[in-house]
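Hydrogens, waters and symmetry mates play no part in the numbers below; they use all other heavy atoms, side chains included.
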Amino acid sequence: MDIDEILLEAEEKMDKAIEATKEDFASIRTGRANAAMFNRLTVDYYGAPTPLQQLASFQTPEARTILIIPFDKSAISEIEKTLRDSDLGVNPSNDGNQIRCILPALTEERRKDYIKMAKDKAENGRVSVRNVRRKANQDIDKLVKDKEVGEDDGARAEKDLDAMTKKRVDTGDARRKGKGAPRRAG
């Protein structure tokens, strides 16, 4: 493996870490209802844990209301049970064809919880990116130690790696700041 391959692999892994962090942020509730809040939920569908997104479509008729319309009406009770047991704080009601979830207004305490959750998710993303950097640095150091590349090339690659890391960490921080101050629901 040469320096370019190490840097390319590190860049790909960092991008995946940032993408995972972005998906984690989407699951945090702001003032509006959105289908991404349900991304992490799995429903027991004929004995197999199945992502809710694969079992239903979502509509948002109002800012704090989301309609979940199952493709298979026989799954409606399992979907409702999953929603009720989740940490989303919703109280689903079903009419036999669809499930209506009205999200409660955000309290100051819940807002603080969401901000704390966003900070934790951002920190996890930073740790993931830094772990990728550490592994790539070790690989570069090994190449230098084994005299497969010169010290100047190794130093230059580590500098490139640090710049790549800073860019990814800054991206994750910017996303967190976008989630850090939930707006009031209308």
Side-chain angles (χ1 to χ4, degrees), residues 12-130 166-186:
E12 288 172 359
K13 287 181 177 179
M14 285 180 186
D15 287 343
K16 286 179 183 175
I18 292 299
E19 189 60 32
T21 302
K22 178 183 170 187
E23 289 174 14
D24 281 348
F25 284 152
S27 69
I28 298 174
R29 182 178 161 215
T30 56
R32 290 190 60 82
N34 68 45
M37 294 170 46
F38 303 93
N39 282 351
R40 301 257 181 234
L41 296 182
T42 56
V43 178
D44 182 21
Y45 185 62
Y46 292 108
T50 307
L52 178 56
Q53 303 286 16
Q54 293 179 10
L55 297 175
S57 64
F58 297 83
Q59 294 178 3
T60 312
E62 299 168 18
R64 288 185 14 224
T65 304
I66 193 153
L67 293 178
I68 302 170
I69 303 145
F71 302 128
D72 178 0
K73 303 300 181 212
S74 68
I76 201 161
S77 62
E78 279 300 321
I79 293 172
E80 186 176 14
K81 180 182 179 300
T82 299
L83 291 168
R84 201 173 307 284
D85 295 344
S86 74
D87 64 350
L88 294 174
V90 297
N91 188 16
S93 62
N94 105 50
D95 66 5
N97 291 318
Q98 64 188 10
I99 298 172
R100 179 178 300 270
C101 294
I102 299 176
L103 302 172
L106 289 177
T107 63
E108 194 59 36
E109 180 181 334
R110 194 68 175 144
R111 286 177 200 274
K112 289 178 183 174
D113 288 345
Y114 285 138
I115 291 169
K116 183 177 184 278
M117 196 182 309
K119 287 179 182 177
D120 289 346
K121 289 179 187 297
E123 182 59 28
N124 290 341
R126 283 193 293 272
V127 167
S128 296
V129 168
R130 289 179 184 140
K166 181 178 179 353
K167 179 180 174 187
R168 298 317 184 282
V169 168
D170 290 348
T171 299
D173 287 346
R175 290 184 194 281
R176 181 194 59 82
K177 287 178 182 160
K179 280 287 186 180
R183 293 182 299 269
R184 296 192 185 277

Legend entry - Closest heavy-atom pair and its distance - R130, V169: NH2-CG1, 4.3 Å
Inset, instruction - Give a yes or no on whether the backbone of D72 and the side-chain of S74 come within a donor-acceptor separation of less than 3.5 Å. - result: no
Inset, instruction - Find the distance between CD (Q53) and CZ (F38) and round it off to the nearest 0.5 Å. - result: 8.5 Å
Legend entry - Identified salt bridge (charged side-chain N to carboxylate O under 4.0 Å, His left out) partner of D15 from the options R168, K22, K167: R168
Inset, instruction - Please say which of L52, I79, V43, N97 ends up in a side-chain contact (heavy atoms from CB on, under 4.5 Å) with P70. - result: I79
Inset, instruction - Test V129 against I18 for side-chain contact (heavy atoms from CB on, under 4.5 Å), laying out the working first. - result: CA-CA 8 Å; V129 168; I18 292 299; 4.0 Å; yes
Inset, instruction - Considering only NZ, NE, NH1 and NH2 on the basic side and carboxylate oxygens on the acidic side, decide whether K16 and E19 come within less than 4.0 Å. - result: no
Legend entry - Closest approach of L83 to S86 (non-hydrogen atoms, all atoms of both residues): O-OG, 2.8 Å
Legend entry - Separation between CD of E80 and CG of D85, rounded to the nearest 0.5 Å: 10.5 Å
Legend entry - Heavy-atom side-chain proximity of I76 to I99 below 4.5 angstrom: yes
Legend entry - Nearest heavy atoms of F71 and S57, plus distance in Å: CZ-N, 3.7 Å
Legend entry - Over all atoms of both residues, closest heavy-atom pair of A35 and I66: N-CD1, 3.8 Å
Legend entry - Distance in Å, D113 CG paired with E108 CD, rounded so as to fall on 0.5 Å steps: 10.5 Å
Legend entry - Test side-chain contact (heavy atoms from CB on, under 4.5 Å) applied to R84 and N91, step by step: CA-CA 6 Å; R84 201 173 307 284; N91 188 16; 2.9 Å; yes
Legend entry - Nearest-0.5 Å distance that lies between atom CG in L41 and atom OG1 in T50: 12.5 Å
Inset, instruction - Calculate, to the nearest 0.5 Å, the distance between atoms CD and CG belonging to E62 and L103 respectively. - result: 11.0 Å
Inset, instruction - Give a yes or no answer on whether the side chain of R100 reaches the backbone of S93 with a donor-acceptor pair at less than 3.5 Å. - result: no
Inset, instruction - Show the numbers, then the answer: is there a side-chain contact (heavy atoms from CB on, under 4.5 Å) between C101 and F58? - result: CA-CA 11 Å; C101 294; F58 297 83; over 6 Å; no
Inset, instruction - Decide side-chain contact (heavy atoms from CB on, under 4.5 Å) for Q59 and I69; before the verdict, give the C-alpha distance in whole Å, the side-chain angles of both, and the deciding distance to 0.1 Å. - result: CA-CA 8 Å; Q59 294 178 3; I69 303 145; 3.6 Å; yes
Legend entry - NZ (K73) with more than 12 external heavy atoms under 6.0 Å: yes
